[in-house]
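First comes the structure, then the notes that go with it.
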Amino acid sequence: MNNQKLISSYFNDLVNNSDDILKNYNDFNNDNLIFFITDMGIIVMSDNGYEKIFIPLDDLKDNINKEHYLAYLFN
């Protein structure tokens, strides 16, 4: 169960203002999130897999934490 907290913090660490971004997608729950990075953006889903959203790269590129080790994927 401790891994779920790590998964959620990874998304929060990668994207600045993650709560604000997720609010643009019908108040998507910010608990226990898993994300997949694609060349078009990020697919975010709840750990149970019932809720999924796609966030386009254009909505993310200004909010990527430049200090994060995955930030180079968004250049």
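Count residues from 1 along the sequence.
- Looking at F36, F54, F35 one by one, the single match for side chain to side chain contact (heavy atoms under 4.5 Å, CB included) with M45 turns out to be F36.
- Atom CD1 of I55 is separated from atom CG of D58 by 12.5 Å, given to the nearest 0.5 angstrom.
- In this structure, the side chains of F74 and I42 come closer than 4.5 Å at one or more pairs of heavy atoms.
- With values rounded to the nearest 0.5 angstrom, L73 atom CG is found 10.0 Å from H68 atom NE2.
- Remark: the backbone N or O of L14 is not paired with any side-chain donor or acceptor of N65 at under 3.5 angstrom.
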Would I64 and N16 count as a side-chain contact (heavy atoms from CB on, under 4.5 Å) if you check the C-alpha gap in whole Å, the side-chain angles of each, and the deciding distance to 0.1 Å? CA-CA 6 Å; I64 298 296; N16 298 324; over 6 Å; no
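- Among L22, I43, N24, I21, the one residue that satisfies the side chain to side chain contact (heavy atoms under 4.5 Å, CB included) test with I53 is L22.
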